[in-house]
Visitor: 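What follows is a structure written as structure tokens; I'll ask about it next.
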Protein chains: 2
Amino acid sequence: MQTALEMRSKPVADHTPDRPLYDLIELFFFAYRDFVGDPDRILEQYGFGRAHHRVLHFVDRNPGLTIAALLDILRITKQSLNRVLKELLEKGYVEQRAGLTDRRQRLLYPTPRGKALAVDLARLQTQRIARALEETGLDAEAAAKRFLAAMIEPAERPTVARLSHHDDEDGA
Amino acid sequence: MQTALEMRSKPVADHTPDRPLYDLIELFFFAYRDFVGDPDRILEQYGFGRAHHRVLHFVDRNPGLTIAALLDILRITKQSLNRVLKELLEKGYVEQRAGLTDRRQRLLYPTPRGKALAVDLARLQTQRIARALEETGLDAEAAAKRFLAAMIEPAERPTVARLSHHDDEDGA
DNA sequence: GGGGATATGTCAGTGATGTTGACATATCCC
DNA sequence: GGGATATGTCAACATCACTGACATATCCCC
């Protein structure tokens, strides 16, 4: 016996499950925090922040990138970009060359020093991801949860899980 | 025929693959940006920011939370917490009650209004995750990539992929 | 019951990163 | 030659983090 409400067929692309996916929401938050936390420790020693990391990363990955393209990727204003980019240029981690066809453009390239730092930071983040992948069995939602949980510092994981599993205390 | 270097057995828990996992690094960055971007638009209408969202979320999820426990979860200073918490209290989204056993504690609870906002924001993020899960086939690394790519705004995804797939241009 | 530890609140200053708005310069292209 | 485009820069401001210092209330132990 079902009410009409319970019986109504779900729209094709509803994407709203019956229950909020609190676990995944929180796992994503914690996983990202640790994901950016790794590079943060290194960057501090260079007097750089996350903003510098993002710029260096995308310049390293897309050598010859224009300012406009970089702004497109980062979705920040040119004033915000300019501040960190200027520091990367001054400290010799990135260099500019005039565009070949369009000389208004400033094509961005990593210097050897910049390349080295970018690779170093990528290696750090890769390690965390690689470990997470190793620890992940993978199959649908349960698999995604396991993957993101594995992205969190092992020492933190139990606490996080405990905090998220209060579902059973409101009598459900 | 392998050199000694190539033959050396990998340490048990190395977690460093031969190649950096650039795709996953970038997908994680973009996915998180969109994940927090959804709530941002709503929060703006209330004069709140991401910091308020995080506090409201964890108070809603863990009613009766103490300040100390909240600081532990968020890993920020009490001064940082206090500013946003005060606003949530003043605007009536969170309320404090003295601890039952320890009256020094300020137990935090969402008000009905706070609960409503928290649920609304969770619903938004749940929708994105749910859609991503639906679009994900899941099996090991390839599955994780697909999952995170699906977390990115559909309109953005092709661009992102294009920018990340420059691997083949350096002759490899 | 006095006193140190604990939980929380608050003031003041600073830093990193983002924003808007306005304007300058160099180059491109019709 | 002149408008559009790519970039650089100055100034002011918002958010959210930090450190350091200090105040208050309550707990708990000797």
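Below, chains carry the letters A, B, ... as their sequence lines are ordered, and counting in each starts from 1.
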Visitor: Of A/Tyr32, A/Phe30, A/Phe29, which meets ring pair (Phe, Tyr, Trp, His ring centres under 6.0 Å) against B/Tyr32?
Guide: A/Tyr32
Visitor: Test for a donor-acceptor pair under 3.5 Å between the base of D/dG8 and the side chain of A/Gln96, counting only N and O atoms.
Guide: no
Visitor: Taking OP1 and OP2 of D/dT7, is either one under 4.0 Å from a side-chain nitrogen or oxygen of A/Arg106?
Guide: no
Visitor: Can you check side-chain contact (heavy atoms from CB on, under 4.5 Å) on A/Val55 and A/Leu108, steps first, answer last?
Guide: CA-CA 10 Å; A/Val55 170; A/Leu108 302 172; 5.7 Å; no
Visitor: Do any side-chain nitrogens or oxygens of A/Ser80 fall under 4.0 Å of OP1 or OP2 in C/dT19?
Guide: yes
Visitor: Rounded to whole angstroms, how far apart are CG on B/Asn82 and P on C/dA7?
Guide: 16 Å
Visitor: Would you mind pulling out the nucleotide paired to C/dC30, Watson-Crick or G-U wobble, both distances under 3.5 Å?
Guide: D/dG1
Visitor: B/Gln105 side chain N/O closer than 4.0 Å to the phosphate oxygens (OP1, OP2) of D/dC27?
Guide: no
Visitor: Among the candidates C/dT20, C/dT10, C/dC23, find the nucleotide nearest to the side-chain atoms of B/Lys86.
Guide: C/dT10
Visitor: Ignoring hydrogens and angles, are the base of D/dT5 and the side chain of A/Arg104 linked by a donor-acceptor pair under 3.5 Å?
Guide: yes
Visitor: For the rings on B/Phe58 and A/Tyr22, is their centre-to-centre separation under 6.0 Å?
Guide: no
Visitor: Compare the minimum distances between each of D/dT9, D/dT19, C/dG18 and the side chain of A/Gln79, then state the nucleotide with the smallest one.
Guide: D/dT9
Visitor: Give the rounded distance in Å between these two atoms: NZ of A/Lys78 and C1' of C/dG21.
Guide: 11 Å
Visitor: Answer yes or no for B/Arg128 and B/Phe35: cation-pi contact, defined as NZ/CZ to six-membered ring centre under 6.0 Å and angle to ring axis within 45°.
Guide: no
Visitor: Round to a whole Å and report the spacing from CZ of A/Arg75 to P of C/dT20.
Guide: 14 Å
Visitor: Can you tell me the distance, in whole Å, between the CG atom of B/Asp102 and the C1' atom of C/dT6?
Guide: 8 Å
Visitor: Among D/dC16, C/dT6, D/dT9, which is the nearest nucleotide to the side chain of B/Arg54?
Guide: D/dC16
Visitor: Identify the nucleotide, in any strand shown, that forms a Watson-Crick or G-U wobble pair with D/dC22, with both distances under 3.5 Å; if there is none, say none.
Guide: C/dG9
Visitor: How long is the line joining CG of A/Leu71 and P of D/dT5, in whole Å?
Guide: 16 Å
Visitor: Does B/Arg50 reach a base, just sugar-phosphate, or nothing at all? Heavy atoms under 4.0 Å.
Guide: sugar-phosphate
Visitor: Need to verify one output field. Residue with the more 5' nearest nucleotide on DNA chain C, A/Glu87 or B/Thr66?
Guide: B/Thr66
Visitor: When clusters are formed by joining ILVMFWY residues with side-chain heavy atoms under 4.5 Å apart, either directly or through shared neighbours, do A/Leu107 and A/Leu74 land in the same one?
Guide: no
Visitor: Is it true that atom CD of B/Gln45 has more than 12 heavy atoms of other residues, nucleotides or ligands lying nearer than 6.0 Å?
Guide: yes
Visitor: Provide, to the nearest angstrom, the distance between the CD1 atom belonging to B/Ile67 and the P atom belonging to D/dT26.
Guide: 15 Å
Visitor: So, does A/His52 get its side chain near the phosphate of C/dT17, meaning an N or O under 4.0 Å from OP1 or OP2?
Guide: yes
Visitor: Would you indicate which nucleotide in C/dT19, D/dA6, D/dC16 comes nearest to any side-chain atom of A/Thr77?
Guide: C/dT19
Visitor: In whole angstroms, how far is the P atom of D/dA6 from the CG atom of A/Leu70?
Guide: 15 Å
Visitor: Counting only Watson-Crick or G-U wobble pairs whose two distances fall under 3.5 Å, which nucleotide matches C/dT19?
Guide: D/dA12
Visitor: Could you give the CZ-to-C1' distance, from A/Arg97 to D/dA6, as a whole number of Å?
Guide: 19 Å
Visitor: Hey, is the side chain of A/Arg103 poking within less than 4.0 Å of OP1 or OP2 on C/dT27, counting only N and O atoms?
Guide: yes
Visitor: Counting side-chain heavy atoms from CB outward, which of D/dA6, D/dC18, C/dT19 is closest to A/Arg83?
Guide: C/dT19
